[in-house]
Amino acid sequence: MPRITLPDGSVKAYDQPVFAFQVAQDIGPGLAKAALGCKIDGVLSDIGSLIASDCELSIVTAKTRDGALDDDALYLMRHSCAHVMAEAVQRVVPGVLLVYGPPVENGFYYDMYVPEDRPISSADFEAIEKEMAAIAGEDRPFARYDRPVAEGVEKLKDEGSKYKLDNAQRAIEAGSAELSWYTTGEPGKDWEDLCRGPHVPTTGRIGAFKVMSVASSYWHGDADSDRLTRLYGITFPDKKQLDEHLVRLEEAKKRDHRVLGKQLKLFYIDEAVGQGLVLWAPNGTIVRRELEAFILSELIRQGYQQVCTPHIGKLGLYKTSGHFPYYQNSQYPPLIHQEQMRVLVRDGCSCAELANLLREGDIDGYLLKPMNCPHHIKLFDSEPHSYRDLPVRLAEFGMVYRWEQSGEVGGLTRVRGFTQDDAHIFCTEDQVEQELMGCLELVNIIFNTLEMKDYRVRVGLRDKDSSKYVGEMENWDRAEAACVAAAESLGVPFKKEIGEAAFYGPKVDFIVKDVLGRDWQLGTVQVDYNLPERFDLSYIGADNQQHRPVMIHRAPFGSIERFVGVLIEHFAGAFPTWLSPEQVRVLPVSDKFLDYGKEVCDLLKAHGRRASLDDSSERVQAKIRAAQEMQVPYMLIVGGRDRDARTVSVRHRREGDVGAMPLDAFVEALDDEVRSKGEATVLEKLQVPA
RNA sequence: GCCACCGUAGCUCAGUGGUAGAGCACACCCUUGGUAAGGGUGAGGUCAUGGGUUCAAGUCCCAUCGGUGGCUCCA
């Protein structure tokens with residue numbers, strides 16, 4: 001009979017099977033009342049679970065002992081709230097069929113088939129929430145019942161939802177011996193859903209919730225399959241936490257790079273120019289160029305050579321590389337010269353035929369480059385190479401153009417024209433590991449300098465059962481080992497993912513989250529056995545024989561556009577001084593002191609600082625506010641006292657008024673701050689007693 | 001590409017089928033000041049674009065373009 005071990009190590013023994021709820025009751029009625037579920041031998045379960053054998057048991061409540069929100073509790077509430085939302089939707093909108101409603105990070109969703117003549121829109125949220133509140137108010141129990149597979153399938157067939165039947169069949173394929181339902185209330189009478197659970201005890205325990213958004217999705221995530229409606233919601237143990245979450249979301253929206261980009265005049269996207277085509281304003285261009293200069297200085301230190309190549313190349317080049325037509329639906333269509341077009345028309349080529357020629361690539365033309373590698377390969381191949389030359393590392397901030405789907409383009413994170421911090425390393429097999437290390441070292445240096453700690457690393461390895469990969473298997477093994485070793489050297493969490501390798505080689509990807517919690521892949525480092533083959537690249541080895549080099553593609557920050565977008569959010573617009581478009585603004589307290597202000601400003605400019613003078617006839621308070629809104633790191637307030645003593649009164653955008661210091665000392669301290677990229681700061685100097 | 005929502009001044013947003021609005025920004029005037037908005041006056045609009053309904057459309061309908069969220073995709 002069950003002996004139940006509790007988290008504190010104590011044991012409760014029962015002489016017959018016991019419900020987890022009863023155990024909680026025996027520990028204390030308060031705990032039983034607060035219980036949302038339990039963990040039996042580490043498996044999250046209903047508090048109504050019957051325990052028949054020895055186990056470890058912990059009771060899940062909304063808060064952990066240290067008062068934080070309990071992740072398991074949130075999971076139970078989200079999952080349960082999804083059920084309640086689904087029931088509410090079915091009350092509000094007739095004809096809705098349920099598909100799938102899991103908890104997700106930050107909430108839950110429910111996928112549903114919704115009749116086409118009655119789409120769900122945000123106008124329905126209020127009614128849905130009202131029904132949800134009613135269902136929660138009824139406080140009906142989440143009751144589980146199981147059916148043997150065959151009986152369960154019959155039941156689902158009777159119910160007539162192909163989606164639920166499909167879910168069941170998937171569960172059966174995964175090895176389920178039984179199918180389970182959860183009724184909110186009485187089985188056979190109240191609302192129910194095929195579900196493996198677990199759930200909170202009653203509908204009254206789903207917490208404070210809100211329907212967030214509606215979106216479309218596809219059944220099985222397949223764009224050719226049925227289109228479903230996905231309703232997103234969130235829930236928290238109480239209203240206060242929900243409200244706090246909503247406030248956090250609002251705060252996050254203010255840090256959105258699209259909002260800050262406008263506010264700080266960094267970049268614009270104009271529909272007259274084109275969707276996903278970024279116009280970098282002067283301020284944004286400064287950030288970009290500083291970043292590029294920084295990356296470049298590290299590249300040069302690592303032995304890279306900088307190259308420049310054009311934005312277009314002949315179609316044939318991309319046929320050799322394989323980019324065309326393999327990736328043609330994510331490319332701008334080929335460009336054809338008008339003379340050639342004239343000849344085609346003269347020879348009776350119809351629009352349909354022309355479209356076909358373009359699609360098949362059976363035509364001379366140029367392509368806006370979707371990648372930089374073919375150009376770099378041609379540069380490498382423009383002269384013979386000895387093994388003594390290798391590795392050859394060619395770097396370029398190269399702009400590439402890709403036809404992204406219209407629904408996916410937005411801000412700086414997904415664009416149609418972007419600048420890769422690209423380089424291609426041509427090396428021997430033996431040099432691969434060392435070169436990978438170099439790439440990751442670069443990532444390390446740059447993320448550390450920018451104080452970006454919150455990124456993750458994914459190592460994409462081949463699926464050994466698949467035949468889609470090119471290259472020698474032993475080279476793959478070595479390259480994969482090298483990728484893993486290099487990732488380990490970074491000292492940040494990384495995950496190996498089987499089957500995520502490119503067909504031509506393994507890779508290491510860097511992924512960050514934006515302010516709204518969405519993942520973005522920044523850079524990638526990829527080993528490539530394919531292109532050297534396609535372009536018949538070679539070098540002369542020590543044995544005087546021709547050998548095939550290995551290529552490494554690496555764009556550790558992906559695109560400068562996306563990277564700057566991520567950086568804007570990372571710094572919430574307050575770039576470190578070395579990156580700031582405007583580093584100092586001089587604010588004379590009255591225009592009597594404009595002369596001195598100008599002198600200060602000119603001195604800063606002579607030192608290479610990006611400084612400006614606010615000569616408006618505003619009060620100093622207003623000038624501060626204006627500078628503050630543009631996130632200028634240092635404001636120098638100058639008046640009579642400063643002029644007479646040849647000082648500046650320093651105000652920092654975060655620290656506020658930090659006191660006066662001699663002008664020359666400030667200029668020098670700021671030089672140090674910029675030069676050291678923030679390792680030394682003006683503020684530190686000010687804290688040193690005079 | 002798919003679904004929902006949205007598009008009004010440079011920006012943020014109001015606007016019941018009946019004369020186009022506010023705040024900020026901008027220009028000019030007054031104010032000459034010491035750490036997050038001093039005061040006044042003024043200018044600024046093909047209400048995304050194109051059709052339609054109506055005596056009358058920013059408002060209702062359709063299409064197109066663009067934006068937002070998610071799905072799909074992402075070499």
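The figures that follow rest on heavy atoms only: side chains count, while hydrogens, waters and symmetry mates do not.
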Out of G67(B), C65(B), C2(B), minimum distance to the side chain of Glu271(A) belongs to C65(B)
Any idea which of G38(B), A75(B), C71(B) is nearest the His323(A) side chain?
-> A75(B)
Grab the [atom1]-[atom2] distance between [X] and [N] for me, whole Å please.
X         : N      : atom1 : atom2 : result
Glu404(A) : C74(B) : CD    : P     : 10 Å
Trp219(A) : C71(B) : CH2   : P     : 19 Å
Tyr110(A) : C71(B) : OH    : P     : 18 Å

Select from Ile624(A) and Arg518(A) the residue whose nearest nucleotide in RNA chain B is closer to the 5' end of that strand.
-> Ile624(A)
Would you say the base of [N] and the side-chain of [X] have a donor-acceptor pair closer than 3.5 Å?
X         : N      : answer
Arg414(A) : C73(B) : yes
Ser213(A) : G70(B) : no
Thr524(A) : A75(B) : no

May I ask you to say whether Arg625(A) pairs ionically with Glu629(A), meaning some side-chain N is under 4.0 Å from a carboxylate O?
-> yes
Is Asp595(A) salt-bridged to Arg643(A), going by a charged N under 4.0 Å from an acidic O?
-> no
Base, sugar-phosphate alone, or nothing: which one does [X] contact when heavy atoms must sit under 4.0 Å apart?
X         : value
Leu516(A) : sugar-phosphate
Gln621(A) : sugar-phosphate
Ser121(A) : sugar-phosphate

Provide the distance between the two P atoms, one in A9(B) and one in G50(B), to the nearest whole Å.
-> 16 Å
Nearest-angstrom distance, P atom, U54(B) to U72(B) = 45 Å
To the nearest 0.5 angstrom, please state how far the CG atom of Asn106(A) sits from the CZ atom of Arg78(A).
->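 Those atoms lie 6.0 Å apart.
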Hey, are Gln526(A) and His553(A) close enough side-chain-wise for a donor-acceptor pair under 3.5 Å?
->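 No - no donor-acceptor pair under 3.5 Å links their side chains.
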